[in-house]
**Q** 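The structure's right below; bear with me while I get my questions together.
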Protein chains: 2
Amino acid sequence: MKMLKEQSLHHLEIADYLIQCIRSGVYKVNDKIPSESELCHQFHVHRHVVRHAIHRITNLGWVTPVQGKGSFVSSKPKPILYALSSKTRFTENMESQGVQQYKNELLYWEQGMPTEEERQHLRLSMDDEVYRLEILRFIGKHPFSLATTVLPVEEFPDFDVHLDNYESLYQILIDAYHFQPIRSQSMLDAVLPSLVDAELLGIPENVPIVKIASIMNHPAGYPIEYSVARIRSDMHQCLIEF
Amino acid sequence: MKMLKEQSLHHLEIADYLIQCIRSGVYKVNDKIPSESELCHQFHVHRHVVRHAIHRITNLGWVTPVQGKGSFVSSKPKPILYALSSKTRFTENMESQGVQQYKNELLYWEQGMPTEEERQHLRLSMDDEVYRLEILRFIGKHPFSLATTVLPVEEFPDFDVHLDNYESLYQILIDAYHFQPIRSQSMLDAVLPSLVDAELLGIPENVPIVKIASIMNHPAGYPIEYSVARIRSDMHQCLIEF
DNA sequence: TAGTGGTCTAGACCACTAC
DNA sequence: TAGTGGTCTAGACCACTAT
């Protein structure tokens, strides 16, 4: 590679160099890239400069550092195409793509007052309560998305009794309430995860995720569910067909 | 605030503290937060720890550091709701929201061979050429989005003669070719910008953006335009109605 | 000139992994 | 035990802004 002589911005040149190595196949998926100290010697720079470079390519999704072991080239493709439409949900999406190994985990649930935002989206009055569920979805062994789902208590009597053996929210709605909410609108966003979300999703704190806030309607036409999903952007692309 | 006694992770506590200050109104929009050296004294930590904390809240969108001046609280709301549908384009979106001050700038254009991805999306054969435009859009004085738009040469004879006084791509298509492409599908992504894109969009390199790849069809039904837009996530939310 | 953020060197200690 | 990444202290020089 070309010599680095100019002052400053060494970290970006090292980051570019490492990306070129990965692109050109010098380091392949799941390979370990050289350790920080090896890169220090190679480039004659301080360790912090190398760390800065590795941080950048980590955030860009090229490598994943593992304490005590090294930094490893991430798997490149975004295998999951997550179709966003009025009817599709997580389960349908997985099955339409032939993904067999998925599962939901109900992290916790609560009954309480909605936030102002939730109240507005669900058109609730000031004393209406909601159920709030936190659901973690996996594809294979990898966390894929986190969703906060909010349901008006009034519309779902005795909802909590169905949560003991939670497997699928939509199974509950169909089995117990005999209807399926219809997505009426979604708002998408690129954000960085909170520290808690990053931990649960198994990604570094500076890797962007997609945030999708959706309003779901009762078949009769009024809003009945509000959900905010945070989805690993390194594992999926969101597909919208018109 | 509470004393920081535990070892390590000071930077996250300082970041949280600063966020709380902004949330609670101690520092308001466009206010300068304390300088790095002031925060060093306040927390009895080294400057690099403070910088780490400020980096985090910068990436989260709370502040924008300006060399020689300080770090300033960013404007909070995401004012632009960008509706994604089969017919809406940038211009319609701005006007439907009453945004008057927008403009497009054609950064450059070229005629050449498509990439493999472009060829597939546009269903071109191996010797078909394309026009490729790079367009920067502004809202007020702020860069808002960058778009790479690819058009088959064969479908747009003498396209380049219309680019001299570029104002709007869709004005050209309607005026010169008498049709308007229809969005058939979009794929959304949360990513970090390239260094060039970050520069053009006027954002730090670790602030996430939304990437929207769209295929537009000729009214007769076949693909006629492929575009990849990179949109500042701090300025907009993408709205989809079903 | 003084103050600010941006980058770099130098080196310490810790936690985790592998042997 | 040796090697790795994670965090922190200490201090240098630079570029930019304000006065």
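In what follows, chains are A, B, ... by sequence order, proteins preceding strands, each numbered from 1. Please read these numbers as outputs of a predicted model, since none were measured by experiment.
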**Q** Could you give the NE2-to-P distance, from B/His10 to D/dA10, as a whole number of Å?
**A**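 B/His10 atom NE2 is separated from D/dA10 atom P by 13 Å.
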
**Q** Classify the angle between the aromatic ring planes of A/His52 and A/His11 as parallel (below 30°), tilted (30 to 60°) or perpendicular (above 60°).
**A**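 The arrangement is parallel - the two ring planes meet at less than 30°.
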
**Q** Between A/His46 (NE2) and C/dA12 (P), how many Å, whole number?
**A**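 It works out to 11 Å between those atoms.
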
**Q** Give me the ring orientation class for A/His121 and A/Tyr226: parallel if the planes are under 30° apart, tilted from 30 to 60°, perpendicular past 60°.
**A**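 A/His121 and A/Tyr226: parallel rings.
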
**Q** Might you point out which heavy atoms bring A/Pro204 and A/Pro193 nearest each other, and give the distance in Å?
**A**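 Shortest heavy-atom separation between A/Pro204 and A/Pro193 comes out as O-CG, 4.3 Å.
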
**Q** Would A/Thr148 and A/Arg230 count as a side chain to side chain donor-acceptor pair (under 3.5 Å) if you check the C-alpha gap in whole Å, the side-chain angles of each, and the deciding distance to 0.1 Å?
**A** CA-CA 9 Å; A/Thr148 305; A/Arg230 289 88 77 199; 2.9 Å; yes

**Q** Dot-bracket, DNA chain D: Watson-Crick or G-U, under 3.5 angstrom, [ ] crossing, | other strand?
**A** ||||||||||||||||||.

**Q** How long is the line joining CD of B/Glu13 and C1' of D/dT7, in whole Å?
**A**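 Atom-to-atom, B/Glu13 to D/dT7, this comes out as 13 Å.
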
**Q** In terms of side-chain geometry, is the basic nitrogen of B/Arg89 or B/Glu225 positioned less than 4.0 Å from the acidic oxygen of its partner?
**A**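 Judged by the 4.0 Å cut-off on N to carboxylate O distance, B/Arg89 and B/Glu225 do form a salt bridge.
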
**Q** Could you state the atom-to-atom distance from CZ of A/Arg56 to P of C/dG6 in whole Å?
**A**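 About 15 Å, once rounded to whole Å.
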
**Q** Roughly, in whole Å, what's the span from NE2 in B/His55 to P in C/dT7?
**A**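 Result: 7 Å.
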
**Q** Looking at D/dG6, C/dG5, D/dT4, which one has an atom nearest to any side-chain atom of A/Ser35?
**A**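 Of the options given, the side chain of A/Ser35 lies nearest D/dT4.
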
**Q** Using modelled atom types and a 3.5 Å cut-off, is there a donor and acceptor pairing between side-chain atoms of B/Gln120 and backbone atoms of B/Glu117?
**A**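 Here the side-chain-to-backbone pair does not exist.
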
**Q** Regarding A/Ser227 and A/Ser214, do their side chains bring together a donor and an acceptor under 3.5 Å, going by distance alone?
**A**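 Not at all, the side chains of A/Ser227 and A/Ser214 share no donor-acceptor pair under 3.5 Å.
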
**Q** In whole Å, what is the span from the CZ atom of B/Phe43 to the P atom of D/dC8?
**A**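 Checked: the CZ to P distance equals 13 Å.
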
**Q** Measuring only between side-chain heavy atoms, which start at C-beta, is B/Arg56 closer than 4.5 Å to B/Trp62?
**A**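 No, every pair of side-chain atoms sits at 4.5 Å or beyond.
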
**Q** DNA chain D: B/Arg47 or B/His52, which has the more 5' nearest nucleotide?
**A**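 Its nearest nucleotide being more 5', the pick is B/His52.
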
**Q** Check whether any side-chain N or O of B/Lys69 sits under 4.0 Å from OP1 or OP2 of D/dA18, and answer yes or no.
**A**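 B/Lys69 to D/dA18 OP1/OP2: side-chain N or O found under 4.0 Å.
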
**Q** Report the C-alpha distance between A/Asn206 and B/Asn206 in whole Å, list the side-chain angles of each, state the deciding distance to 0.1 Å, and finish with yes or no for side chain to side chain donor-acceptor pair (under 3.5 Å).
**A** CA-CA 7 Å; A/Asn206 280 309; B/Asn206 279 310; over 6 Å; no

**Q** What is the distance from CD of B/Glu36 to P of D/dG11, rounded to the nearest Å?
**A**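 One finds 17 Å between P of D/dG11 and CD of B/Glu36, rounded.
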
**Q** In residues 60-68 of chain B, which residues come under 4.0 Å of DNA chain D by heavy atom?
**A**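 Listed by number, they are B/Gln67, B/Gly68.
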
**Q** Quick check: any donor-acceptor pair below 3.5 Å linking the side-chain of A/His11 to the base of C/dG6?
**A**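 Donor-acceptor pair under 3.5 Å: no.
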
**Q** Between A/Ser37 and D/dT4, is there a side-chain N or O to OP1/OP2 distance below 4.0 Å?
**A**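 Yes, because at least one side-chain N or O of A/Ser37 sits under 4.0 Å from OP1 or OP2 of D/dT4.
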
**Q** Tell whether A/His48 reaches the base of C/dG11 with its side chain through a donor-acceptor pair below 3.5 angstrom.
**A**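 Yes, the side chain and the base share a sub-3.5 Å donor-acceptor pair.
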
**Q** Whole Å only: how far is the NZ atom of A/Lys32 from the P atom of D/dG3?
**A**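 From A/Lys32 NZ to D/dG3 P: 12 Å.
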
